[in-house]
2 protein chains.
Amino acid sequence: MTSPVAELVDDDLWSAIGDPTRRRMLDLLLAGAGTATTLSQQLPVTRQAVAKHLDVLNRAGLVQATPAGREKRYHVDDAQLARAAAQLASVGSAWDARLRRIKTIAETIQRTQHS
Amino acid sequence: MTSPVAELVDDDLWSAIGDPTRRRMLDLLLAGAGTATTLSQQLPVTRQAVAKHLDVLNRAGLVQATPAGREKRYHVDDAQLARAAAQLASVGSAWDARLRRIKTIAETIQRTQHS
DNA sequence: ACAATAGGTAGGAAAAATCCTACCGGTCAA
DNA sequence: TTGACCGGTAGGATTTTTCCTACCTATTGT
């Protein structure tokens, strides 16, 4: 169980959530669905910039849009975000396990050298 | 406990591990310390590009360099990687909890409407 | 039906990241 | 000591990302 982290994650999904602005957008969308305009009002960027970020999130499958009247309401795709959360957790624990394993080996070597 | 994910993470650290190449580099360095050259031999980029990626990882505190002879051996900073792992895990569980909470609310509303 | 207005889209400019070529410095062998 | 070579560094070109300006579309109210 060497668990190479690289093979544990979806690159597109990962880099989608790698951007701070997009993470904040996910936070806002989790609090309640909204349009590019409503999001931009709560962020330090124009709604056009927000629209492109939404496009990135959409291509990664993290958000979906449902037309409502003349607007497009974006909402988080629960299943995909859950998938992302699972990946984050597994990478985190993989690293943790790896570190723990290395530490154990190091301690074993030291103990061996002491004898 | 609304847990806004944005305030849970260190942006520099996060975007450092947001890049696929850098994640693979961390994998390789966890398997054993190495120089820019040895890493580049196991990656599809030149050692100069690797050097810049190492610089990014270094600024984020994820790796450290120790001069050894005429080379510079890079190794993972255990404490910082553990910190990163913890952040990943907490974001993952924050999202998971948020999703679960939303689902519960939705179900409650439905149940209410049925009555 | 028509004007007014809010929202989305297209295109490109500016900024940043990534990558490579060229160069410098130190180490090892003779 | 000196030449060859391995590794790192500096600088800049290229690609990608991010962001904004300008424009078009659709809905709403009169």
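All values below were derived from every heavy atom in this structure, side-chain atoms included, with hydrogens, water molecules and symmetry-related copies excluded. Keep in mind the model is a prediction, meaning the values are calculated, not measured.
- Nearer to the 5' terminus of DNA chain D, by closest-nucleotide assignment, is the contact made by A:Asp19 (compared with the other of A:Asp19 and A:Glu71).
- For the pair A:Val50 and A:Met25, the minimum side-chain heavy-atom distance is below 4.5 Å.
- Distance CZ (B:Arg59) to C1' (C:dA16): 12 Å, rounded to an integer number of Å.
- Atom CG in B:Asp11 sits about 12 Å away from atom P in C:dA17, given to the nearest Å.
- For the pair A:Asp55 CG and C:dG8 P, the interatomic distance rounds to 13 Å; values are reported in whole Å.
- When distances are taken from the side chain of A:Arg47 to each of D:dC20, D:dT18, C:dG7, the shortest belongs to C:dG7.
- Out of D:dA22, D:dT9, D:dG8, the shortest distance to the side chain of B:Gln48 is found at D:dT9.
- The shortest distance between the side-chain N/O atoms of B:Lys72 and the OP1/OP2 oxygens of D:dT9 is below 4.0 Å.
- A close approach under 4.0 Å does not occur between any side-chain nitrogen or oxygen of A:Lys52 and OP1 or OP2 of C:dG8.
- Checking the phosphate oxygens (OP1, OP2) of C:dC20, a side-chain nitrogen or oxygen of B:Thr46 falls inside 4.0 Å.
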Yes or no on salt bridge (Lys or Arg N to Asp or Glu O under 4.0 Å) for A:Arg23 and B:Asp10, after CA distance, side-chain angles and deciding distance?
CA-CA 12 Å; A:Arg23 276 199 305 282; B:Asp10 174 358; over 6 Å; no

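- Taking atom CD on B:Gln41 and atom P on D:dG7, their separation rounds to 8 Å, with Å as the unit.
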Is there a salt bridge (Lys or Arg N to Asp or Glu O under 4.0 Å) between A:Asp78 and B:Arg98? Walk through the geometry before answering.
CA-CA 10 Å; A:Asp78 290 14; B:Arg98 185 81 69 98; over 6 Å; no

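- Between B:Thr37 and D:dC6 there is no side-chain N or O to OP1 or OP2 distance below 4.0 Å.
- A close approach under 4.0 Å does not occur between any side-chain nitrogen or oxygen of A:His53 and OP1 or OP2 of D:dT17.
- No side-chain donor-acceptor contact under 3.5 Å links A:Asp12 to the backbone of A:Ala60.
- Between the CG atom of A:Leu54 and the C1' atom of D:dT17 there is a distance of 16 Å, given to the nearest Å.
- The residue B:Thr21 sits apart from the nucleic acid: no heavy atom pair falls under 4.0 Å.
- Remark: side-chain polar atoms of B:Arg73 are paired, donor with acceptor, to backbone N or O of B:Ala33 under 3.5 angstrom.
- If you measure from atom CG of A:Leu57 to atom P of D:dT17, you get 14 Å, rounded to the nearest angstrom.
- Note: OH (A:Tyr74) to C1' (C:dG7) measures 10 Å, nearest angstrom.
- Across all strands shown, A:Arg22 has heavy atoms under 4.0 Å from sugar-phosphate atoms exclusively, and none from any base.
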